[in-house]
Amino acid sequence: MPPAPLPSFATRLIDWQRAHGRHGLPWQGTRDPYRVWLSEIMLQQTQVQTVLAYFPRFIQRFADVQALAAASADEVMQLWSGLGYYSRARNLHRAAGQVVAQFGGQFPTDTQALQSLPGIGRSTAHAIAAFCAGERVSIFDANVQRVVARYLAFEGDLAQAAHVRQLWALADGLLPAPDADLRQAMPAYTQGLMDLGATTCTPRRPQCPRCPVAQDCRALRTERVLSYPVKTRKLKRSSETWYWLVLADGPLHAPGTHMLLEKRPERGIWAGLHCFAVLPSQEALLARLAHCTEAAALAGWPGWAGGAGQAARPAPAVQWQNGFRHVLTHKDLLLIPALARLPHAGAQPRPALHAGAQAGGAPLRWVAVGDILGGAVATPAPLLAWLKAQQSAPAAQSPIKFE
DNA sequence: AAGTCGGGGGA
DNA sequence: TCCCCAGACTT
């Protein structure tokens, strides 16, 4: 009589997940592809702890894909504000519209249809199909790459796409057997892979004694766990200094003070968010300030514009603030706010500025400090952080000077 | 194949 | 500080 076969990688992983994996997260315990999709997108390059604050709010506002499709892009951006990688939010909204238009509002669960939606690549499509339909496909995010590379002692450099594809194919060999009950097995297997990478097979301090597949791990066998995955870094971060034109009509710690924000282009950094004008030099900032204040005078700014000839009034002085650093993956930004003040408009309506006040013709809005802090408009995280800091340490109030 | 997109957490 | 992370998209 032949000996019973040893439990497979997949079997051990599934058993471990049920006993020691993460349960009870808001996006778990469902096969609703809308919820799974939303969680997968939010969790791209973003930690669970962060997503926990956003996911319930999003679901509460958009209970299903129809509700999301019917929303304005601005509102979606607003709910996404602070999560980063804003193209995810834009694609999310576009994909919702596509599901309504092309799939009759029924969210697909097969990998082919999923990958036709914007923002869903191969790995995310596999995750949704595995969780919702039990499709026998491998997810392959950074956690899984680490687990599998260690388990197989994979020597290829994962900085190269060809090696990633190669390891991905090897990962397929670890999937639950095709004749298993995949509708039960695939969700637990997929979740188990992610949980193992997140809680046990961690980058720096893996807890191998608690790993369910340690007995077969080729990296552990040679005590080279930390040598995997092989991944060369070629991060060369460039530095830039940006000047922020902060045009306000009162002290920054007063909720009623309004500030001029412009909507950023749909591509590039902080795409689609509302932000202070960003200028590459002090000279450019002063020129923009002159444009804006001239435009404000022409538009009849309360207490300032006074008829013909007012357009020639010089721009108010600026107060240069201390710069602060904001680091992105590929760019190191030094942000220097320059505060300029228009006369207080009180409760009077602030006139819209013509598009010429902004070089690219981007939409300009006067927004109250209280509304910005309250999240009424989507703003980049560093802007919000800086404005919050101004609440507790208000800049010295100086009278408005005209030169 | 390389570059572009944020932000937060952990060592 | 530096490294890492539930990637997709553009060029």
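Below, each value reflects all heavy atoms present in this structure, side chains not excepted, and no hydrogens, waters or symmetry copies. Each chain gets a letter, A, B and so on, in the order the sequences are listed, and its residues count up from 1.
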Rounded distance (Å) that lies between atom C1' of B:dG3 and atom CG of A:D332: 17 Å
Donor + acceptor pair across side chains of A:S123, A:D141 (<3.5 Å): no
Gap between atoms CG and P, on A:L226 and C:dC3 respectively (whole Å): 15 Å
Within 45° cone of A:Y54 ring axis and under 6.0 Å: A:R57 NZ or CZ: yes
Partner nucleotide of B:dG6 by Watson-Crick or wobble geometry (both distances under 3.5 Å): none
Gap between atoms CZ and P, on A:R90 and B:dT4 respectively (whole Å): 16 Å
Sugar-phosphate, base or nothing in reach of A:I120, heavy atoms under 4.0 Å: sugar-phosphate
Neighbour count >12 (heavy atoms, 6.0 Å) for atom CZ, A:R12: yes
Ring-ring centroid check A:W301 A:W366, cutoff 6.0 Å: yes
B:dG6 versus C:dT11 - spacing of their P atoms, nearest Å: 16 Å
Test: A:R122 cationic atom under 6.0 Å from A:W168 six-membered ring centre, within 45° of axis: yes
Sugar-phosphate only, base, or nothing, as touched by A:W27 at under 4.0 Å among non-hydrogen atoms: base
Touch class at under 4.0 angstrom, heavy-atom based, for A:R22 against every strand present: base
Distance-only side-chain donor-acceptor flag, A:R146 / A:T202, under 3.5 Å: no
For A:E266, all residues meeting side chain to side chain contact (heavy atoms under 4.5 Å, CB included), sequence neighbours excluded: A:R90, A:K263
Between P of C:dA8 and CD1 of A:I128, the distance in whole Å: 10 Å
Whole-Å C1' distance, B:dG9 and C:dA8: 23 Å
Contact state string [nucleotides 5-11 of chain B, B base, S sugar-phosphate only, - no protein heavy atom under 4.0 Å]: BBBB---
Nearest-Å distance for atom pair CD/P, residues A:Q115 and C:dA8: 8 Å
Rounded distance (Å) that lies between atom C1' of C:dC9 and atom CG of A:L117: 15 Å
Rounded interatomic separation in angstrom, taking CD from A:E266 and P from C:dC9: 16 Å
Gap between atoms NE2 and C1', on A:H163 and B:dA1 respectively (whole Å): 13 Å
